[in-house]
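Contents: one structure, followed by commentary.
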Amino acid sequence: MATDNLTAVLHGIEDLRLVSPPDPEMYLGTVLLAMDSVGICGSDVHYLANGRIGDFVLTKPMIIGHEAAGVVAKLGKKVTNLKVGDRVAIEPGVPCRYCDHCKGGQYNLCTDIVFCATPPYDGNLTRYYKHAADFCFKLPDHVSMEEGALLEPLSVGVHACRRAGIGLGSKVLILGAGPIGLVTLLAAQSMGASEILITDLVQQRLDVAKELGATHTLLLQRDQPAEETVKVVHQTMSGVPDKAIDCCGAESSARLAIFATRSGGVVVVVGMGAPEVKLPLINALAREIDIRGVFRYCNDYAAALALVASGKVNVKRLVTHHFDITETAEAFETSRLGKGGAIKVMIHVQPRDANNPVKF
């Protein structure tokens, strides 16, 4: 294989280095992938800045990156679902397959899951990466590698909407118009939501949300009380939302989600913020509002791919910046600071469009 397996390794807080480790060893049921496109996620930036997310703490060097697509370069033993040359999207979490959660169809809750770029496991911002073949999804010719990488955040949006029970006629409030808020918007539209209001503190993000089809957008003020914002939400929408999805993780947004949702409705919390927050539980209990958590996704990748392949969801608008792997430091700085209106920053391990039958 290649002699230069250029790889982005996080050694500690503010210490991201490009190195060339040996090619990974192959095991039963795995494939070796020549990586193509890797998107930068907020969690990648968080690990760089803080060295941890909750209980996941960086204690040794870790390859960064988990929103990715690549090309099959080599097959491990007993791999029958793929062949060399297949372009694939990578579902980054591989569970044990044997525990009660895995057998019950909730493999995202498996305590032994190996998830890319979550300590202590390596990610895939590298030239060559080994992954379980059954967690690789072959891309149709008309789906680009960049879109394949974006199936990861889109799967979060799909899972959030499924957890919320969004269907035909749902009135949805989405808190936060960052990448996850925007893919949740796209997923909610595809599932039949009739009206969607999305909020944010940044007008540029709301402009993108409107471009993507949001019915309403609402620019929030940082210190605006949730009780006041509720009135604006209800006045803006044709009716009280029956679903609210918090994609921020801030205490204020979770509070707003509860206050704004109609009695008997559902609040889904996707964004992760402080370990403990103050919420109006009596308000939620008295109005029988279901509060549901979201942790990554589970059995959602195939659906996300179908949405993109069918044209029902267009994620291309989310990609605002492109960098070569040799420019990883600049790419992270762009994503971290939101330079140039950055939404999704894509790092190309191979030359752009090298593996796209049609240019992105």
Side-chain angles (χ1 to χ4, degrees), residues 154 156-178 180-201 205-206 209-210 212-274 276-295 297-298 300 303 307 312-313:
L154 180 58
V156 176
V158 170
H159 192 60
C161 290
R162 283 175 162 174
R163 290 281 287 159
I166 290 176
L168 294 174
S170 293
K171 298 182 187 298
V172 184
L173 169 64
I174 298 175
L175 292 306
I180 295 301
L182 294 176
V183 293
T184 300
L185 163 66
L186 294 172
Q189 289 174 325
S190 72
M191 293 181 182
S194 62
E195 188 176 9
I196 303 172
L197 186 151
I198 187 166
T199 70
D200 204 274
L201 296 168
R205 289 181 171 184
L206 294 176
K210 194 68 175 179
L212 292 175
T215 317
H216 315 283
T217 62
L218 179 60
L219 182 66
L220 300 180
Q221 304 303 315
R222 191 169 296 276
D223 298 322
Q224 187 172 337
E227 293 84 349
E228 293 182 10
T229 309
V230 168
K231 297 177 183 178
V232 180
V233 169
H234 291 173
Q235 291 168 358
T236 302
M237 300 184 74
S238 64
V240 179
D242 55 337
K243 319 286 186 185
I245 304 178
D246 174 21
C247 299
C248 295
E251 179 179 299
S252 59
S253 60
R255 289 173 58 82
L256 174 58
I258 292 172
F259 283 131
T261 302
R262 71 183 292 271
S263 298
V266 177
V267 170
V268 170
V269 181
V270 183
M272 291 186 177
E276 295 186 13
V277 296
K278 183 179 178 181
L279 296 177
L281 278 182
I282 296 301
N283 180 285
L285 297 176
R287 299 194 297 117
E288 289 199 348
I289 291 176
D290 290 351
I291 302 174
R292 301 174 183 172
V294 161
F295 188 60
Y297 31 74
C298 182
D300 299 300
L307 289 174
K312 290 184 177 180
V313 165

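Treat the numbers as computed from the prediction; the structure is a model and nothing was measured.
A 4.5 Å side-chain heavy-atom check between I291 and L281 finds at least one atom pair inside the cut-off. T215 places none of its side-chain heavy atoms less than 4.5 Å from the side chain of L197. Residues L307 and L186 have side chains not in contact (no heavy-atom distance under 4.5 Å, counting atoms from C-beta outward).
The two residues A188 and I196 make their nearest non-hydrogen contact at CB-CD1, 3.8 Å. Residues L279 and A254 share a closest heavy-atom pair of CD2-CB, 3.6 Å. The shortest non-hydrogen separation linking V233 to A260 is CG1-CB, 4.5 Å. V294 and R163 get closest at one heavy-atom pair: CG2-CG, 3.9 Å. Closest approach of R162 to M191, counting heavy atoms only: CG-CE, 3.9 Å. Taking both residues in full, the closest heavy atoms of T217 and A209 are given as CG2-CB, 4.4 Å, listed atom of the first, atom of the second, then distance.
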Side chains of residues 166-174: which donor-acceptor partners sit under 3.5 Å, not counting sequence neighbours?
{"from": "S170", "atom 1": "OG", "to": "G167", "atom 2": "N", "distance (Å)": "2.9"}
{"from": "S170", "atom 1": "OG", "to": "G167", "atom 2": "O", "distance (Å)": "3.1"}
{"from": "K171", "atom 1": "NZ", "to": "E195", "atom 2": "OE1", "distance (Å)": "3.4"}
{"from": "K171", "atom 1": "NZ", "to": "S238", "atom 2": "OG", "distance (Å)": "3.0"}

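Annotation: the span from L175 atom CG to I245 atom CD1 amounts to 9.5 Å, rounded to 0.5 Å. One finds the OG1 atom of T199 at 10.0 Å from the CD atom of Q224 (value rounded to the nearest 0.5 Å). Rounding to the nearest 0.5 angstrom, the gap separating the CZ atom in R255 from the CG atom in D246 is 12.5 Å. With values rounded to the nearest 0.5 angstrom, T184 atom OG1 is found 11.5 Å from H159 atom NE2. Between the CD atom of E228 and the CG atom of D223 there is a distance of 11.0 Å, given to the nearest 0.5 Å. With values rounded to the nearest 0.5 angstrom, S252 atom OG is found 7.5 Å from L201 atom CG.
Put simply, the residue from V183, L185, I198 that forms a side-chain contact (heavy atoms from CB on, under 4.5 Å) with L212 is L185.
Within 6.0 Å of the CD1 atom in I282, the count of heavy atoms belonging to other residues, nucleotides or ligands does not exceed 12. Heavy-atom neighbours of K210 NZ from other residues, nucleotides or ligands within 6.0 Å: above the threshold of 12.
Under a 3.5 Å cut-off, the side chain of R205 and the backbone N or O of L182 do not form any donor-acceptor pair. A side-chain donor-acceptor contact under 3.5 Å links D300 to the backbone of C298.
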With side-chain contact (heavy atoms from CB on, under 4.5 Å) as the test, would you mind laying out the steps for V158 and Y297 before giving the verdict? CA-CA 8 Å; V158 170; Y297 31 74; over 6 Å; no
Checking V230 against L256 for the side-chain contact (heavy atoms from CB on, under 4.5 Å) test, could you report, in this order, the C-alpha distance in whole Å, the side-chain angles of both residues, the deciding distance, and whether it holds? CA-CA 7 Å; V230 168; L256 174 58; 3.7 Å; yes
